[in-house]
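Following: one structure in C-alpha cells, then a few remarks.
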Protein chains: 2
Amino acid sequence: MSSRLKDVAALAGVSIRTVSNVVSGSASVAEETRARVQRALDELGYRPNLAARNLRAGRTGLIGLAIPELHSPYFGELAGLIVEAARQRSWTVVIDQTFGDPDAERRLLDGTGGRLVDGLIISPWSLSPEELTAQARSVPVVLLGERHPHGLADRVAVDNVLAADEATTHLIGTGRRRIAAVGLQPHLRNGTAHQRLEGYRTALRRAGIEPDPRLERTVTTLHRSDGAEAMTALLEDGVRPDAVFAFSDELALGALHTAHRHGLRVPRDLAVVGFDGIEDALYANPALTTVAPDKRQIAERALQCLADRIYSPAAGVPPLDIVVPHRLEIRASSHAS
Amino acid sequence: MSSRLKDVAALAGVSIRTVSNVVSGSASVAEETRARVQRALDELGYRPNLAARNLRAGRTGLIGLAIPELHSPYFGELAGLIVEAARQRSWTVVIDQTFGDPDAERRLLDGTGGRLVDGLIISPWSLSPEELTAQARSVPVVLLGERHPHGLADRVAVDNVLAADEATTHLIGTGRRRIAAVGLQPHLRNGTAHQRLEGYRTALRRAGIEPDPRLERTVTTLHRSDGAEAMTALLEDGVRPDAVFAFSDELALGALHTAHRHGLRVPRDLAVVGFDGIEDALYANPALTTVAPDKRQIAERALQCLADRIYSPAAGVPPLDIVVPHRLEIRASSHAS
DNA sequence: ATGAAAGCGCTAACAG
DNA sequence: CTGTTAGCGCTTTCAT
C-alpha cells in the first residue's frame with residue numbers, strides 16, 4: 001500500500017508534523033532535517049492522500065461541470081476551455097453528462113448523492129427557469145445559457161435574441177426572403193431555442209416579412225442528423241426556402257449535407273447560417289457562416305463567478321447575469337446568391 | 001453551513017450511528033425511528049460529505065481521464081463514452097488535458113500532486129513507450145493507443161498497422177497509385193503515427209508500389225488546419241497525389257477543404273480517407289471514408305480493466321493488451337474515380 | 001435495534 | 001525549530 005506521513009516520519013526519525021511541513025513547504029525546517037525527510041519521502045514514494053487533505057480543509061478543489069453531452073462539438077470545445085480555465089485556478093473538473101434528463105439536472109443541482117464539488121457549472125436543457133429556481137443548492141452554481149428569472153444563481157450567456165436577429169438580418173441582406181428557422185424545441189422547457197426564434201421573427205418583421213409557420217421547424221435534438229431530417233422535410237414539403245438559419249452548427253451542417261444531396265448549390269440556391277462557432281463550421285464545404293459566442297470568455301467568466309462565490313466572505317453579492325459577446329462569422333455558405 | 005450526521009442525530013434524538021444506517025440503508029432500523037430520522041434529514045437538507053466518506057473508505061470513486069485535448073472530436077466522443085461507462089459503474093470522471101505535454105503526462109502517471117483518483121486512463125502523446133514504463137504508478141493505469149513494450153500497464157487500442165494497411169489497400173483498389181500519407185509526427189515519441197505509416201507502406205509494397213518519401217507528410221498536430229496546410233504543400237510541391245490517407249479525420253477534413261478550394265473534385269481527382277470515425281466524417285461533403293475504431297468498446301474495455309485492477313484481490317494478473325476492432329467505413333470521398 | 005468510540009490521513013493550534 | 005494532539009465527517013466494530 002501507499003505510505004502515509006506517519007511512515008515517512010518513522011523512517012526519517014522525526015515527527016509527523018515536520019514531515020508535513022516539508023511536504024507543504026509552509027513552515028521553516030532546518031536544512032539538515034529537511035534533507036533527511038526528503039530522502040525518506042523519496043524512498044517511500046510518498047503521495048499525499050487528497051481525501052484526507054480535503055476533509056481537513058473543508059474543500060475538495062473539485063468543481064462539477066454538467067453538460068448535456070460531451071461528444072457534441074460545441075460542448076466539447078466549451079468543456080475543454082473550462083477544464084483549462086479551472087486548471088489555471090488549481091481546480092480539477094469532474095464531468096457529468098445529463099443528456100438533457102431533467103432528473104439528472106435536478107439531482108446535480110440539489111446535491112443529492114452527496115457533496116463532492118466546491119461549485120457547479122451547469123448547462124441546463126430540460127429544466128424550466130422556474131424549476132431551476134426551485135432547486136435547493138448546496139454549493140455555488142453558475143448557469144450557462146439559460147435565463148434565470150428570479151436570479152438565484154449567476155448566469156453566463158450570449159444575448160440569444162440579439163444574435164439570432166443579427167443572423168437573420170444578415171440573410172435578409174443577401175436578398176433572401178424565405179428563410180427557414182431550424183431548431184425549435186418545444187418539448188424542452190429550456191428557453192434558448194425560444195429566444196433565438198424570437199430574434200429571428202423580430203428580424204423578419206422589421207424587414208416587412210411575415211413569419212411563415214411552415215418555415216419554422218422543430219427538432220428533437222441539435223445533432224447533424226436532425227438538421228438533415230429537417231432539411232429533407234423542408235424540401236419535400238415544397239415550402240421552397242432560399243435560406244436556413246439553424247439554431248446550432250450541427251443542425252446547419254446536417255442541412256448543408258442534405259442540400260448537397262439534393263443537388264442544391266450553397267449559397268447560390270440556398271444560404272445556410274449556423275450557431276455556436278464550432279471548428280467544423282470553418283472547414284465545411286462551403287465554409288459555414290455562424291454565430292460564434294466567445295466560448296473562452298464564457299469559460300473564464302463562469303469560473304470567475306465560482307471563484308468569487310467560493311472564496312468571498314459573505315453571500316451578499318447579488319446574482320450576476322453576465323452577457324458574453326458573440327460574433328457573426330460570415331463565410332461562403334451565406335454569400336449573396 | 002451544511003449539516004452533518006451529528007446535527008441530524010441531535011435533532012432526531014438518536015445516535016449518529018442510527019442516522020448513518022438510515023442514510024446508507026444498510027442495517028435495519030425500526031420503522032418509527034427511521035421515519036423520525038428521515039424527517040430530520042429532510043428538514044436539515046443533509047448531504048453526505050464525500051471527502052469524509054472517501055477518507056474512511058480508502059477509495060474516492062473517482063477515476064482520472066487524461067487526454068491531449070477535449071475539443072477535438074475524437075477525444076470529445078471518446079471522453080463522452082468513458083464518462084458514461086464510468087457512470088454505469090458508479091464512478092465519476094475527472095478530466096485532465098495534457099496537450100501532449102510530456103511533463104504533464106509524467107506528472108499524472110507518477111501521481112505527483114497527490115493521490116485523488118482510484119485509477120487512471122491515459123492517452124499518451126509525447127512519452128515514448130520506454131518512458132511510460134519507467135514511470136512509477138500509484139494507482140492502476142490503462143493506456144489508450146500507445147503500445148507498452150514491457151507490459152506494465154493494461155493497454156487498449158486498435159491494430160494501427162492493420163487498419164492503415166486496409167485503408168491504403170482500399171485506395172489502391174479504387175485505382176489510385178500516388179497515395180499521400182498525411183500525419184507523420186516524428187517530434188513525438190508516441191508510436192501511433194509510426195504504426196500507421198508502417199501499415200501504409202506495407203500495403204503499397206504489396207501492390208508493387210514503392211513508397212515515395214515526398215508523399216509522406218509531417219504535421220505538427222492532428223488538427224484540420226494541419227491537414228489543410230499539408231494538402232496545400234502537396235499540391236504546391238507538384239507531387240500530384242491522386243489520393244490522401246490522413247492519420248486522423250481532422251487532418252482529412254482539412255485536406256478536403258483545401259482540395260475544394262483548389263478546385264479539385266473529390267473523389268474524381270482526389271480520393272481522401274481519414275482515421276477515427278468521428279461524426280463529422282459522415283456529414284462532410286462529400287462524406288468522408290474513415291477507419292473507425294469501436295470507440296464504445298474502447299471505453300468499455302478500458303473501464304473493465306480498471307475495475308478488475310481496483311477491485312480484484314492480488315496484482316497477479318499480467319497486463320492485458322486488448323485489441324479493439326475497427327471498421328473501414330467506405331463513403332463517397334473514396335469512391336472509384 | 002441502538003449507542004459509544006476508534007480511526008481513516010492530514011493540518012494546525014498549542015507547547016516546549 | 002520540532003513534538004503532541006485535536007478534530008475534519010464518516011463508517012463500523014464492539015457493546016448493550
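Predicted model, so just to flag it, every value in this text is computed and none were measured. The chains referred to below are lettered A, B, ... by the order of the sequence lines, with proteins before strands, and numbering in each begins at 1.
Per the geometry, CG belonging to Asn21(A) stands 13 Å off C1' belonging to dA13(C), to the nearest Å. Atom CZ in Arg17(B) sits roughly 16 Å away from atom P in dA6(C) (whole-Å rounding). Across the protein-nucleic acid pair, Arg47(B) atom CZ and dG9(D) atom P stand 16 Å apart, rounded to whole Å.
Counting any heavy atom pair closer than 4.0 Å across all strands shown, Arg53(B) reaches sugar-phosphate atoms only and no base atom.
Taking the charged nitrogens against the carboxylate oxygens, Arg39(B) and Asp42(B) have no contact shorter than 4.0 Å, which rules out a salt bridge. Using a cutoff of 4.0 Å between basic side-chain nitrogens and carboxylate oxygens, Glu105(A) and Arg189(A) are not scored as salt-bridged. Contact check on Glu300(A) versus Arg89(A) returns a salt bridge, with a Lys/Arg side-chain nitrogen under 4.0 Å from an Asp/Glu carboxylate oxygen.
Donor-acceptor pairing under 3.5 Å is lacking for the side chains of Arg87(A) and Gln97(B).
Residue Thr18(A) has a polar side-chain atom (N or O) positioned under 4.0 Å from OP1 or OP2 of dG3(D). Taking only side-chain nitrogens and oxygens, Arg4(A) comes nearer than 4.0 Å to OP1 or OP2 of dG9(C). Side-chain N/O atoms of Thr33(B) include none lying less than 4.0 angstrom from OP1 or OP2 on dA1(C).
Residues Ile16(A) and Ala57(B) both approach DNA chain D. Their nearest nucleotides, taken by heavy-atom distance, put Ile16(A) toward the 5′ side.
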